[in-house]
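This one's a predicted model, so the numbers in the text were calculated from it and none came from an experiment. Only this structure's heavy atoms are used, side chains among them; waters, hydrogens and symmetry mates stay out. One-based numbering along the sequence shown.
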Amino acid sequence: MRARSHVRLLVLATLVWFGFWLAGLPHYYRQYSTAVMIAFCVALVPAVAWLGVKVIGRRRAETRRTFAVWLAFYFTVPLVIYDYLYCGWYLGQGWRFLAAYWYLTIYYVIPWLVFVPIGAWLTRAPLSHGARNADS
């Protein structure tokens with residue numbers, strides 16, 4: 001992947017985090033019941049998988065696996081850092097935020113469990129609608 005693609009993924013992940021942060025105000029989703037948050041998390045997985053198939057499927061077959069790993073990386077590692085800075089440092093939770101904000105924590109794992117297998121599957125399975133080069 002080119003440096004420009006890495007920057008684009010980081011910017012996109014940052015914007016997604018910021019959007020979820022804003023949507024979660026005033027208490028970063030803690031104002032909702034556990035049942036609501038479980039339903040939200042469960043409902044989000046198919047959307048994440050669908051977007052993963054769309055985004056990873058646009059890549060050339062030989063780059064899909066690697067891109068899937070980078071996609072998982074950029075949608076977990078920076079988000080952990082941002083959440084630590086907000087919840088851990090600013091709100092004073094420290095690393096306890098991982099348990100207190102469990103609905104965030106599970107999404108530090110889900111992209112790895114979704115994007116990487118999708119990248120492997122799409123590398124093996126030819127897309128019927130064709131793929132275009134999105135390496136730029």
Side-chain angles (χ1 to χ4, degrees):
M1 239 174 42
R2 297 180 182 142
R4 185 171 136 191
S5 296
H6 286 281
V7 171
R8 288 174 72 190
L9 277 177
L10 179 59
V11 168
L12 181 59
T14 300
L15 290 173
V16 167
W17 178 86
F18 186 70
F20 273 91
W21 178 78
L22 281 176
L25 291 175
H27 303 292
Y28 210 12
Y29 300 98
R30 292 187 83 186
Q31 67 269 27
Y32 300 111
S33 71
T34 299
V36 167
M37 291 312 300
I38 289 171
F40 177 72
C41 289
V42 168
L44 198 54
V45 172
V48 168
W50 181 81
L51 283 169
V53 169
K54 290 294 191 189
V55 171
I56 297 165
R58 287 181 166 166
R59 309 297 291 200
R60 290 182 316 212
E62 61 271 14
T63 66
R64 289 182 188 145
R65 230 180 267 243
T66 303
F67 181 73
V69 170
W70 281 115
L71 193 62
F73 175 85
Y74 281 109
F75 279 89
T76 55
V77 175
L79 278 56
V80 171
I81 294 168
Y82 300 151
D83 286 334
Y84 177 79
L85 290 173
Y86 179 66
C87 300
W89 182 70
Y90 179 74
L91 296 179
Q93 294 278 327
W95 287 106
R96 293 183 315 268
F97 92 89
L98 293 169
Y101 296 85
W102 58 267
Y103 44 86
L104 303 174
T105 303
I106 63 173
Y107 274 89
Y108 306 147
V109 177
I110 287 175
W112 294 98
L113 298 176
V114 172
F115 296 151
V116 174
I118 287 172
W121 173 66
L122 289 177
T123 298
R124 289 191 314 265
L127 294 178
S128 60
H129 56 71
R132 64 183 177 94
N133 181 357
D135 267 340
S136 55

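- A search for side-chain contact (heavy atoms from CB on, under 4.5 Å) contacts involving L51 returns nothing, not counting sequence neighbours.
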Per-pair distances, 0.1 Å, donor-acceptor, side chain in residues 66-75, under 3.5 Å, sequence neighbours excluded:
{"residue": "Y74", "atom": "OH", "partner": "H6", "partner atom": "ND1", "Å": "2.9"}

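- Interatomic distance, CZ of F40 versus CG of L44, reported as 5.0 Å (0.5 Å rounding).
- Smallest separation of non-hydrogen atoms from V53 and L122: O-CD1, 3.7 Å.
- Going from atom CG of L104 over to atom CG of L98 covers 9.0 Å, rounded to the nearest 0.5 Å.
- One finds the CD1 atom of I118 at 11.5 Å from the OG1 atom of T123 (value rounded to the nearest 0.5 Å).
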Apply the test side chain to side chain contact (heavy atoms under 4.5 Å, CB included) to residues Y107 and V80: give CA-CA distance (whole Å), side-chain angles for both, the deciding distance (0.1 Å), then the verdict.
CA-CA 9 Å; Y107 274 89; V80 171; over 6 Å; no

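- Listed by chain and residue number, V11 satisfy the side-chain contact (heavy atoms from CB on, under 4.5 Å) test with L15 (two or more places apart in sequence, or in another chain).
- In this structure, CZ on F115 lies 10.0 Å from CD1 on I110, to the nearest 0.5 angstrom.
- Both L10 and Y84 belong to a single network of hydrophobic side chains, linked directly or stepwise wherever heavy atoms of I, L, V, M, F, W or Y lie under 4.5 Å apart.
- Closest approach of Y32 and M37 over heavy atoms only: CB-SD, 3.9 Å.
- A search for ring pair (Phe, Tyr, Trp, His ring centres under 6.0 Å) contacts involving Y108 returns nothing, not counting sequence neighbours.
- Side-chain heavy atoms closer than 4.5 Å link hydrophobic residues (I, L, V, M, F, W, Y) into clusters, and following such links, even through other members, never connects L9 to V7.
- Pairing each heavy atom of P26 with each of Q31, the nearest pair is CD-NE2, 3.5 Å.
- Nearest approach of V114 to A49, heavy atoms of both residues: CG1-CA, 3.7 Å.
- Criterion: ILVMFWY side-chain heavy atoms under 4.5 Å apart, direct or through other members. Under it, Y29 and L85 are part of a common hydrophobic cluster.
- Tracing side-chain contacts under 4.5 Å through hydrophobic residues (I, L, V, M, F, W, Y), one never reaches L79 starting from V109; they form parts of separate clusters.
- In the hydrophobic clustering of ILVMFWY residues, with side-chain heavy atoms under 4.5 Å counting as a link, I38 and Y103 come out together.
- Rounding to the nearest 0.5 Å gives a distance of 14.5 Å between CZ of F97 and CH2 of W102.
- In plain terms, the two heavy atoms of P111 and T76 that are nearest each other are CG-CG2, 3.6 Å.
- Contact of the R59 side chain with the M1 side chain is registered, since non-hydrogen atoms from C-beta on lie closer than 4.5 Å.
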Extract all donor-acceptor atom pairs below 3.5 Å that involve side chains of residues 87-96 and protein atoms in other chains or at least two apart in sequence.
{"residue": "R96", "atom": "NE", "partner": "Q93", "partner atom": "O", "Å": "3.4"}
{"residue": "R96", "atom": "NH2", "partner": "G92", "partner atom": "O", "Å": "3.2"}
{"residue": "R96", "atom": "NH2", "partner": "Q93", "partner atom": "O", "Å": "3.4"}

Acceptor/donor pairs from residues 17-25 side chains to any protein atom, 3.5 angstrom cut, sequence neighbours excluded:
{"residue": "W17", "atom": "NE1", "partner": "Y28", "partner atom": "OH", "Å": "3.0"}
{"residue": "W17", "atom": "NE1", "partner": "D83", "partner atom": "OD1", "Å": "2.6"}

